[in-house]
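See structure below.
Letters A, B, ... are given to chains in the order of the sequence lines, protein chains preceding strands, and every chain is numbered from 1.
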Amino acid sequence: MVGLSEGEKHFICGGIAQDLRADGRTRLQFRALTVETGIIPQANGSARVRMGATEVIASVKAELGKPTILHPDKGKVSIYVDCSPTAAPMFEGRGSEELSAELSVALQRCLLGGKSGAGAAIDLSSLIVVEGKACWDLYIDGLVVSSDGNLLDALAAAIKVALSDTGIPKVNVSLNAEMDGEPEVDISDEEFLQFDTSGVPVIITLTKVGKHYIVDATSEEESQMSSAVSVSVNSHGQICGLTKRGGAGLDPSVIFDMISVAKNVSQRFYTLLESEIAAAEAAADE
Amino acid sequence: MEYVNPLTGFRVDGRRPNEMRQLKGEVGVVSRADGSALFEMGNTRVIAAVYGPREIQNRSQQQNNKEALVRCEYRMAEFSTGDRRRKPKGDRRSTEISLVIRQTMEASILTHLMPHSQIDIFVQVLQADGGTRSACINAATLALADAGIPMRDIVTSCSAGYLCSTPLLDLNYIEDSAGGADVTVGILAKMDKVTLLQMDAKLPMDTFETVMDLATEGCKAIATYIREVLLENTKQLECQRG
């Protein structure tokens, strides 16, 4: 994918070992982050996140649907990611399917909790309109427009921002006995309910190159990784999900070490993201 | 439904019959690509990225070893349309549009200057509100120019339709789905040659001529705008060099 000479590979690995990466960052430093909200007018909420040369768009659409029989008191959330061929020629045709599926599943694992919906970042019972009859289906779509590594963290951040931008229309329900108890739902165009997104975690991926691990790896650095651990951490510092990628095995003690580092780094990322969200909202209001 | 107000002559979105939507072009939006551009026509918004000229990846696709191989892929984002539905990749509509864009761009690229190489054009629709075909071609032109690929001329495209016995320029989604004729024209702006012409529904011959003239006028206006964007971009690059 990334064509690197022996010298370049050595330069990247050597830089990481000396805590000075090819772009001048230290091992646990992020690239410049920019956030924009409300970029897709047809969606209920949307956001664009740029981290260096990586750019992703997330959109949230809400549609009225029927809750499942197993969970009549819960709404439904689904997450899909697509990698646009604009990001890399290898994503053309069916070339992006594998990576898209990998990212979708990793995000579902980190944001949606288990099958029962327990531990989900979004309170699924807040999506219910009429128990057993009507609920909101949230469709979260991610699109990778430009790819320079660390896609998972960028997507999770974009989804978090998009959810905080999302307004669910207020609904008035009138139960009509004549229509077999089917509820009549009237969607308001003016009043919107905001989500509580404080529980939505961010994902921090620690990429292990040589003996050390780094955050926010570029694609050149990712090509040199032996393994990577993605930890999703919520604002209380609790771990919501964990994914390990890459071929090489990791010592359990290293994993615990990585998790605790990810936890510390995530708090820094939270303040960074929150200030960017505030700036984006201020820009949108103008 | 009235698509043109009989009293004021304004269209559903408040435009005059021969008025285009707001245009916006931006160059260099995808930093990793060799050339890229964002193009907006009203609410229709597309991103184009160009990779190449580079070595041919799949030898079997090479048809002529004296000319560059041009490839194109058109893709719509899941959230680009009003109602969200999952479509399989490579559905027939996308394949057809990919082909149309490829053929239109091939007409302007000087392929004989780059033998044994391939140029990939990827267009991604972020928002669809009618005229995605035209917007994609305009975005692809900007991206190719950004990538520094030699071209005969600037290709631009615009659509025009005929509703309520009025020729309308640059149809939006509501007008597009109204059932009237929809003529999409692509021209080589300076050479004044048509490289793309598509029409659905039927029109009397003389009406077709006026509608096509209107679309051609639209193309020329877009070409002027694209030239401005490129000139502005070149000036900025010049400033950066100092």
Residue pair [X] / [Y]: nearest heavy atoms and the distance that separates them:
X        : Y       : value
B:Arg75  : A:Asp82 : NH1-OD1, 3.2 Å
B:Phe122 : A:Thr86 : O-CG2, 3.6 Å
B:Val29  : A:Glu55 : O-OE1, 3.6 Å
B:Glu73  : A:Pro85 : OE2-CG, 4.1 Å
A:Ser147 : B:Arg32 : O-CD, 3.2 Å

Under 3.5 Å, side chain of A:Gln42 to main-chain N/O of B:Ser80, donor-acceptor pair present?
-> yes
Heavy-atom pairs under 4.5 Å with chain B are the metric here; pick the option from A:Gly142, A:Pro41, A:Pro89 that has the most.
->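 Answer, by heavy-atom pair count under 4.5 Å with chain B: A:Pro89.
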Might you work through the side-chain contact (heavy atoms from CB on, under 4.5 Å) test for B:Phe79 and A:Ile57, ending with a clear yes or no?
-> CA-CA 10 Å; B:Phe79 45 73; A:Ile57 294 176; 3.7 Å; yes
Which bit of A:Ala53 comes within less than 4.5 Å of chain B, counting heavy atoms only: side chain, backbone, both or neither?
-> both
Does atom [atom1] ([X]) have a neighbourhood of more than 12 heavy atoms from anything else shown, all under 6.0 Å?
X       : atom1 : result
A:Lys9  : NZ    : yes
A:Phe11 : CZ    : no
B:Arg16 : CZ    : no

Applying side-chain contact (heavy atoms from CB on, under 4.5 Å), run through A:Leu143 and B:Gln124 and close with a yes or a no.
-> CA-CA 10 Å; A:Leu143 177 74; B:Gln124 172 82 49; 3.8 Å; yes
Salt bridge (Lys or Arg N to Asp or Glu O under 4.0 Å) between B:Arg71 and A:Glu92, worked out | CA-CA 10 Å; B:Arg71 302 176 66 221; A:Glu92 77 172 303; 3.0 Å; yes
